[in-house]
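Taking it in order: structure first as structure tokens, then the write-up.
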Amino acid sequence: MNSNNPYYRRIDLPAGDLHVFAHDDLYHAMGAKVLEMANNNLQIPNIRYMSYTPDAHVGVGTCIGTTAVWGAEDGFVSPSIVGSDIGCGMRLHLTNLHVDELQEVKLRRKLVKAIEKRIPVENHARGYFSDIRLEDVLRKGLHGLPGKYVPDSYTPRKATSLTHVECSRFRYDESVLDRIPMPVWHRAHRQLGTLGNGNHFIEIQAISVNEDNRHIAERWGLQDGQVAVMVHSGSRSWGGAVNQHCGSEVAKTMSKLGLGTSDPKLVYAPLDSEAGQTYSNLMYSALNFAVANRHLMAFAVRDAFKETFGSQAETRTLYDLMHNYACEENHGEESFLVHRKGTTRALPAGHAGNPQPYAETGHPALIPGSMGTSSYLMVGSSEGARNYHSICHGAGRIRSRNATKQLVTVDEFASSLRIGQEDEIVVNHRGLESLIDESPQAYKDVDQIIESVVEARLATVVAKCRPLAAVKGV
DNA sequence: ATGTCC
């Protein structure tokens, strides 16, 4: 049944097979609840494949770390699998600065202040991009932004494939947008350019290249000691509103068709049903919002760099990709509907789904660590095809926010960020209490997660990104 | 993750 590889197992659940790509120890730490959830998901008709990455943990209805696949012809789409933070994902920008130029704590503080000035992180804050039409963003993503926000040095207008949303699809039946109530429109409009809270962040990092993949790093333009900007955010309240509206529509379709699983909260509809199409289209509007929002925040960070280090400071887009969505993809000769909930696509060199600039190397897969720990730039391997080229999306939570607050003291958290030392990771909040639930102890060890992904032969490491400063919402 | 309501 199971192979001898300690990094992979197939689990024979009552409703079907679950594939787990994780070291035995990580698998055993996941607990029984994740198997129950997998079994519920596997009860959805026509499902072809389901797997967990090593960072899998319990979510609402579906585990974070799930890849669930249907055939495109007889597929079911599930708002419960995608979740409410539709389009949540990562963006990485490369700067022309070296880490030595940020050596002084004072300078990192100045940079963080300059970022804070441009990107509100408070709960009900208004973003600074009110001159942008929300409808244009929802319909066209980056193409809906005024030209001044898309300078060629930053993301060439023609290289929209640097965001994998637009690489797949961004035009759809626009009449569905009218289904979302006006108050939600207004809220989403004022949220353009805001970070959100929870695990979302903007981080300044220093790159170190993995020797084994130096040839790929060079093709991507990465250098040792290079300063990078990583943005982790989603579709703010727009995605939640889409999830809520479609959730009830999809549930109605289910009762009409007499469908259901052991979990009444797990909703899904045939992709070609009206409810399925409405969801699919509105989901794309949320993907467009999310990618444009990350772009705008990275644009604001670019401005903050110029203010802090002079006008010659520049940042350019390496890549933007999501880990919460459902999308039609070609694998081999066939077309599939792939759901990724807290998993990252990592295509290998030569795969036709790669955006043009990365056709020969595979595209960068951006994997964040927890606060204070390194993030990774990965590239997919051809063996990753067995998992539809899905890898982990981060460290993965091991304890709840409340449990973390009980366990970790402010002092312990501060020392994990080396606060007060020369190499302190500068955080925008002076009081760290409100961020304790994001401390490294709330998460698995990202190095172990990456080891599992590498040993399961799904992807390899191209570079590691060490945090220098972080901006978080509360 | 989010906004809202007690």
Side-chain angles (χ1 to χ4, degrees), chain A residues 37 55-66 78-91 119-127 134 138 180-203 230-248 265-267 279 282-283 285-294 297 321-326 339-344 368 370-371 393-405 429 434-439 442-443 470-474:
Chain A
M37 286 196 149
D55 51 335
H57 59 102
V58 169
V60 183
T62 299
C63 286
I64 293 129
T66 295
S78 172
S80 306
I81 297 180
V82 175
S84 59
D85 196 5
I86 303 167
C88 183
M90 311 301 303
R91 167 173 279 257
I119 301 173
V121 294
E122 312 80 50
N123 206 342
H124 293 289
R126 179 178 289 272
L134 177 62
L138 296 172
I180 303 297
M182 279 319 280
V184 177
W185 277 77
H186 293 310
R187 195 167 57 222
H189 190 224
R190 65 166 193 267
Q191 284 181 335
L192 266 177
T194 64
L195 179 61
N197 52 35
N199 60 3
H200 291 168
F201 65 75
I202 293 165
E203 216 170 72
M230 187 174 266
V231 180
H232 180 188
S233 187
S235 51
R236 306 293 278 109
S237 64
W238 183 264
V242 167
N243 186 267
Q244 202 186 2
H245 170 79
C246 295
S248 50
K265 285 189 190 140
L266 187 54
V267 297
Y279 174 68
L282 279 172
M283 185 189 61
S285 75
L287 302 185
N288 283 341
F289 184 102
V291 75
N293 200 37
R294 284 190 293 272
M297 283 189 279
L321 86 171
M322 309 163 297
H323 44 238
N324 292 344
Y325 62 104
H339 291 66
R340 294 200 176 88
K341 169 62 177 175
T343 54
T344 306
S370 56
M371 246 187 122
H393 89 306
R397 211 161 245 291
I398 28 167
R399 38 182 77 77
S400 70
R401 295 191 179 275
N402 279 334
T404 311
K405 282 176 189 159
H429 299 282
S434 59
L435 291 176
I436 284 184
D437 52 353
E438 281 294 309
S439 83
Y443 289 90
V471 173
K472 296 280 291 182
V474 183

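Order of the sequence lines fixes the chain letters, A, B, ..., with proteins taken first and strands second; residue numbering starts at 1 for each chain. Note that the structure is a prediction, hence the values are computed from the model and not measured.
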Which part of the nucleic acid, if any, lies within reach of [X] when heavy atoms closer than 4.0 Å are counted: base, sugar-phosphate only, or nothing?
X        : value
A:Gly198 : sugar-phosphate
A:Ser237 : sugar-phosphate
A:Gly240 : nothing

Within the pair [X] and [N], is there a side-chain N or O less than 4.0 Å away from OP1 or OP2?
X        : N     : value
A:His200 : B:dT2 : yes
A:Arg236 : B:dT2 : yes
A:Asn197 : B:dT2 : yes

For [X] and [N], give me the distance from atom [atom1] to atom [atom2], rounded to whole Å.
X        : N     : atom1 : atom2 : result
A:Phe289 : B:dA1 : CZ    : P     : 16 Å
A:Asn324 : B:dA1 : CG    : P     : 10 Å
A:Ile86  : B:dT2 : CD1   : C1'   : 13 Å
A:Arg397 : B:dA1 : CZ    : P     : 7 Å
A:His232 : B:dT2 : NE2   : C1'   : 14 Å
A:Gln244 : B:dT2 : CD    : C1'   : 10 Å
A:Lys472 : B:dT2 : NZ    : C1'   : 15 Å
A:Arg126 : B:dG3 : CZ    : P     : 14 Å

If you find the nucleotide of DNA chain B closest to A:Val60 and the one closest to A:Arg187, which residue's nucleotide is nearer the 5' end?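 So the residue in question is A:Val60.
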For A:Asn243 against A:Pro79, the heavy-atom pair lying closest together: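 Shortest heavy-atom contact: ND2-O, 3.1 Å.
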Side-chain ion pair, A:Glu203 and A:Lys472, N-O less than 4.0 Å: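 Answer for the salt bridge query: no.
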Among B:dT4, B:dA1, B:dT2, the one nearest A:Arg401 by side-chain distance: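 The answer is B:dA1.
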Heavy atoms from C-beta onward define the side chain here; which of B:dT4, B:dA1, B:dT2 lies closest to that of A:Asp85?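 Closest of the options to the side chain of A:Asp85: B:dA1.
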So how far is it from A:Ile202 CD1 to A:Arg91 CZ, rounded to the nearest 0.5 Å?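 Rounded to the nearest 0.5 Å, the CD1-CZ separation comes out at 11.5 Å.
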Near A:Arg401 CZ, under 6.0 Å, is it more than 12 heavy atoms from other residues, nucleotides or ligands?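 Yes, enclosed.
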Does the ring pair (Phe, Tyr, Trp, His ring centres under 6.0 Å) test come out yes or no for A:His323 and A:His232, once each step is laid out? CA-CA 10 Å; A:His323 44 238; A:His232 180 188; 5.3 Å; yes
